[in-house]
Amino acid sequence: MKILVPVKRVIDYNVKPRVKADGSGVDLDNVKMSMNPFDEIAVEEAIKQKEAGKAEEVVAVSIGPAKAQETLRTALAMGADRAILISTDETVEPLAVAKLLAKVVEEEAPQVVILGKQAIDDDSNQTGQMLGALLGWGQATFANTVEIDGDAATVAREIDGGLQTVKVNLPAIITVDLRLNEPRYATLPNIMKAKKKPMDTKSPDDYGVDITPRLKTLNVSEPPVRSAGIKVEDVDALVAKLKDMGVA
Amino acid sequence: MKTLVLVEHDNQSVKDATLAVVTAAAKLGEVHALVAGSGCDAVAQQAAKIAGVATVHVADDPAYANLLAENTAPLIADLMGSHDAFLAPATTTGKNIAPRVAALLDVMQISDILSVESANTFTRPIYAGNAIATVESADAKLVITVRGTAFDKAAAEGGSASLEAVSGAGDAGLSAFVSEEIAESERPELTSAKIIVSGGRALGSSEKFEEVITPLADKLGAGIGASRAAVDAGYVPNDYQVGQTGKIVAPEVYVAIGISGAIQHLAGMKDSKTIIAINKDEDAPIFQVADLGLVADLFDAVPELTGKL
Ligand SMILES: Cc1cc2nc3c(=O)[nH]c(=O)nc-3n(C[C@H](O)[C@H](O)[C@H](O)COP(=O)(O)OP(=O)(O)OC[C@H]3O[C@@H](n4cnc5c(N)ncnc54)[C@H](O)[C@@H]3O)c2cc1C
Ligand SMILES: Nc1ncnc2c1ncn2[C@@H]1O[C@H](COP(=O)(O)O)[C@@H](O)[C@H]1O
């Protein structure tokens, strides 16, 4: 069985994004970029499944600029076997990403696609579910635990009220949440080895997918800023303030 | 414009998250609601009373009992033949279903909207709420999820919508519900609580969390939240997490205890009316957004505070 893992190159989660003065977007020049944190969890899960003998091959795929190669190399250094870069400098929305991934699925015929639940730049939380619809596959989103057994996967999902367990027939889509696992670090020898692992480069045109955006961003602005208030001396002062506010 | 609102429910009653979605939908046009469920008649009756809802479509079928996306999305996509916009709450239920509907309709979804600017223009947060994008849709139909804290709740009573039975293809045979562990609690739900007391990594254990945070929350009649670090460490269950990738809350008062204030946490609570922070590090970023800050060891300060309230 093969597992496909889509990984996105995004602003590093430790960086505080700055809105450009002209309102055209967020400034990404000279900003540290990394693999979307949820996608690290997805890669880790795929590798774990391979180590447990449930999968033979893990293929990482990224859609983005040439630099997304670095993100794919990270996936390879973690333990993915092969990578595919669909290279484009255009903005690709989740719907178009899902369409491209559907084409890759046609070619690669994986039994499971494991994605992040959300990219921390666009915060869309859409791609996996859209891919499920395009392929007509079942989906288990926001996974907290995954057990693959024969022709089905049993997945506990993080939902607003607690946990929900579903069983999806394979082939299936899984999107991962924070508690699924702790991604490993790539070791130096593995980073060296990853340089020799195969990476294919394609373009959206190779797949005949129209990636024209459907949404036009008219403006990007700073949210209203909250200013710091006051510090109180001690608990008594805090209690007094709370009483003033009518909270206590 | 004719809109279709996904009613969130547990086959017994309408969840609050639905009400803000109705308000957002009403800004676009006539509001229709969909109750998909199993034995969900009581829910349909309740939905019909929500102020501003004109028609409630009811799909009552065991296949919709747990709102599995594979079964529910095709039903919605069919109904979209006669509606112009589909709106769902940005809850785990809405986030699971809406993108599947969007892809079936070949529409790019607009996630987590904060405002309706015009019939095809909306604002939404990106980069953990560090930027607000204004986006215009070029699609023929709209598929939207709505941030509950950004819209007033429609009145739960006062409407008198007509009920209309609808049916879909039922079970797609792709997935099945196995079980659910839903925390039963007397406490207000996080997303509708007026006061929230949240604890972070500093609590150190589930015992200490219970011992320090719970009595204060009890005293204030508050909901209890947590940072990701506290959830990851197992002090509290996953549904307590507030933040970019957890729950978005905006209570009257949010008390952050032993939470540093990482951008991912701030993303989930910085629209709270009043923020109170207790942290022993005077430089903790949480103080940059707190209206009231107390620099103190929480293990001394919080029990003292609870005692004095
Ligand atoms: C993809 C991704 C998504 C994320 N999503 C979320 C999210 O949704 N929500 C979220 O919260 N985080 C999220 N995070 C994690 C976030 O980056 C921080 O790691 C997390 O919020 C830190 O939690 P914390 O403040 O409890 O812990 P820490 O940052 O460790 O802070 C602990 C604080 O407690 C204080 N302290 C210690 N001892 C005491 C004491 N005795 N008395 C008083 N104060 C004390 C310290 O001074 C410190 O400020 C996400 C991260 C990633 C990568
Ligand atoms: N450009 C991309 N390349 C590869 N994977 C992507 C891309 N965009 C989104 N994904 C995948 O889809 C998930 C959800 O992204 P989103 O729907 O944008 O929040 C991510 O965690 C990735 O696994």
Side-chain angles (χ1 to χ4, degrees), chain A residues 11 13 16-17 19 26 93-95 98 118 120-126 129-130 132-134 137-142 144 154 158-169 178-179 214-223 226 228-232 235-236 238-239 241-242 245 247-248, chain B residues 69-70 73 91-92 95-96 99-100 102-104 108-112 121 125-139 174-183 195 220 228 232 237-239 245 247 253 263 270 274 287-295 301 304-305 308-309:
Chain A
I11 189 167
Y13 81 96
K16 180 158 166 48
V19 173
V26 164
E93 293 172 339
L95 180 64
Q118 174 174 342
I120 62 160
D121 50 1
D122 61 35
D123 282 331
S124 292
N125 197 328
Q126 299 178 7
Q129 298 88 313
M130 287 180 156
L134 296 177
W137 291 8
Q139 68 185 43
T141 52
F142 325 145
N144 178 280
T154 303
E158 294 200 4
I159 60 168
D160 288 337
L163 288 173
Q164 177 188 69
T165 303
V166 295
K167 192 167 178 178
V168 274
N169 300 339
L178 294 169
R179 258 72 58 179
R214 305 292 184 79
L215 300 180
K216 188 166 152 193
T217 300
L218 304 180
N219 178 55
V220 174
S221 63
E222 297 258 9
R226 250 196 119 97
I230 54 159
K231 288 216 176 89
V232 292
V235 171
D236 288 327
L238 183 56
V239 171
K241 287 275 178 203
L242 288 173
M245 287 163 49
V247 173
Chain B
E70 298 87 337
T91 55
T92 49
K95 290 174 188 172
N96 191 41
R100 210 163 163 115
L104 291 176
M108 176 56 203
Q109 172 179 312
I110 308 162
S111 294
D112 218 14
T121 309
I126 52 176
Y127 293 88
N130 283 293
I132 309 295
T134 305
V135 296
E136 182 186 83
S137 169
D139 285 316
L174 296 172
S175 67
F177 172 84
V178 177
S179 62
E180 220 159 55
E181 283 170 49
I182 300 291
I195 303 178
L220 296 171
R228 173 194 173 180
D232 283 7
N238 62 277
D239 49 299
T245 62
K247 288 200 174 99
V253 180
I263 60 170
K270 72 178 157 63
T274 301
F287 288 125
Q288 291 164 20
V289 299
D291 301 284
L292 288 175
L294 175 63
V295 180
E304 185 186 341
L305 174 62
K308 286 181 171 163
L309 284 174

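First the proteins, then the strands, lettered A, B, ... as listed; each starts at 1. Below, all heavy atoms of this structure are taken into account, side chains as well, without hydrogens, waters or symmetry copies.
- Among all heavy-atom pairs drawn from A:V235 and B:L294, the shortest one is CG2-CD2, 4.0 Å.
- Interface remark: A:L238 contributes side-chain atoms only to the contact with chain B (heavy atom separation under 4.5 Å).
- With a 4.5 angstrom heavy-atom cutoff, A:V19 touches chain B only via side-chain atoms.
- In this structure, chain B has heavy atoms under 4.5 Å from both the backbone and the side chain of A:E158.
- In this structure, the portion of A:V26 lying under 4.5 Å from any heavy atom of chain B is its side chain and not its backbone.
- The shortest side-chain heavy-atom distance between B:V295 and A:K231 falls under the 4.5 Å cut-off.
- For B:I195, the part lying under 4.5 angstrom from a heavy atom of chain A is the side chain only.
- Ranked by heavy-atom pairs shorter than 4.5 Å toward chain A, the options B:T121, B:I126, B:T134 are led by B:T134.
- In this structure, the side chains of A:S124 and A:Q118 stay at 4.5 Å or more apart for every pair of heavy atoms.
- Contacts with chain B were tallied for A:I159, A:I11, A:V247; A:I159 has the most, counting heavy-atom pairs under 4.5 Å.
- Top candidate by heavy-atom pairs under 4.5 Å with chain A, chosen from B:L292, B:T91, B:D112, B:I263, is B:L292.
- Both the backbone and the side chain of B:E136 come within contact range of chain A, each with at least one heavy atom under 4.5 Å from a heavy atom of that chain.
- Heavy atoms closer than 4.5 Å to chain A are found in the side chain of B:V253, but not in its backbone.
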Exercise for review: Might you work through the side-chain contact (heavy atoms from CB on, under 4.5 Å) test for A:Q139 and B:R100, ending with a clear yes or no?
Suggested key: CA-CA 10 Å; A:Q139 68 185 43; B:R100 210 163 163 115; 3.0 Å; yes

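- Between B:S111 and A:Q126, the side chains place a donor N or O and an acceptor N or O closer than 3.5 Å (distance only, hydrogens not considered).
- Side-chain contact annotation: B:N96 with A:Q129, donor-acceptor N/O pair under 3.5 Å absent.
- A donor-acceptor distance shorter than 3.5 angstrom exists from the side chain of B:K247 to the backbone of A:D160, with no hydrogens or angles considered.
- Your options are A:T217, A:V232, A:N144, A:T141, and the one with the most heavy-atom pairs under 4.5 Å with chain B is A:V232.
- Contact count against chain B (heavy-atom pairs under 4.5 Å) is highest for A:L178 among A:L178, A:V168, A:L134.
- The part of B:L220 that comes within reach of chain A is its side chain, from C-beta onward, which places non-hydrogen atoms under 4.5 angstrom from that chain.
- Neither the backbone nor the side chain of B:A73 comes within less than 4.5 Å of any heavy atom of chain A.
- No side-chain donor-acceptor contact under 3.5 Å links B:D291 and B:T274.
- Among A:E222, A:E93, A:K16, the residue with the largest count of heavy-atom pairs under 4.5 Å with chain B is A:E93.
- In this structure, the portions of B:K308 lying under 4.5 Å from any heavy atom of chain A include both its backbone and its side chain.
- No donor-acceptor pair closer than 3.5 Å links the side chain of A:K167 to the backbone N or O of B:F177.
- A:R214 places no side-chain N or O within donor-acceptor distance of the main-chain N or O of B:A138, the cut-off being under 3.5 Å.
- The candidate from B:D139, B:L104, B:I110, B:L309 with the greatest count of non-hydrogen atom pairs under 4.5 Å with chain A is B:D139.
- Comparing A:V166, A:V239, A:D122, A:D121 by heavy-atom pairs within less than 4.5 Å of chain B, the highest count is held by A:D121.
- Here the closest non-hydrogen pair linking A:F142 and B:K95 is CZ-CB, 3.9 Å.
- Heavy-atom pairs under 4.5 Å with chain B were tallied for A:T165, A:L95, A:N125; the largest tally goes to A:T165.
- When B:A290, B:A102, B:P237 are compared by the number of non-hydrogen pairs under 4.5 Å with chain A, B:A290 comes out ahead.
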Check your understanding: Hey, mind stepping through B:E181 and A:Q164 against side-chain contact (heavy atoms from CB on, under 4.5 Å) and telling me if it holds?
Key -> CA-CA 6 Å; B:E181 283 170 49; A:Q164 177 188 69; over 6 Å; no

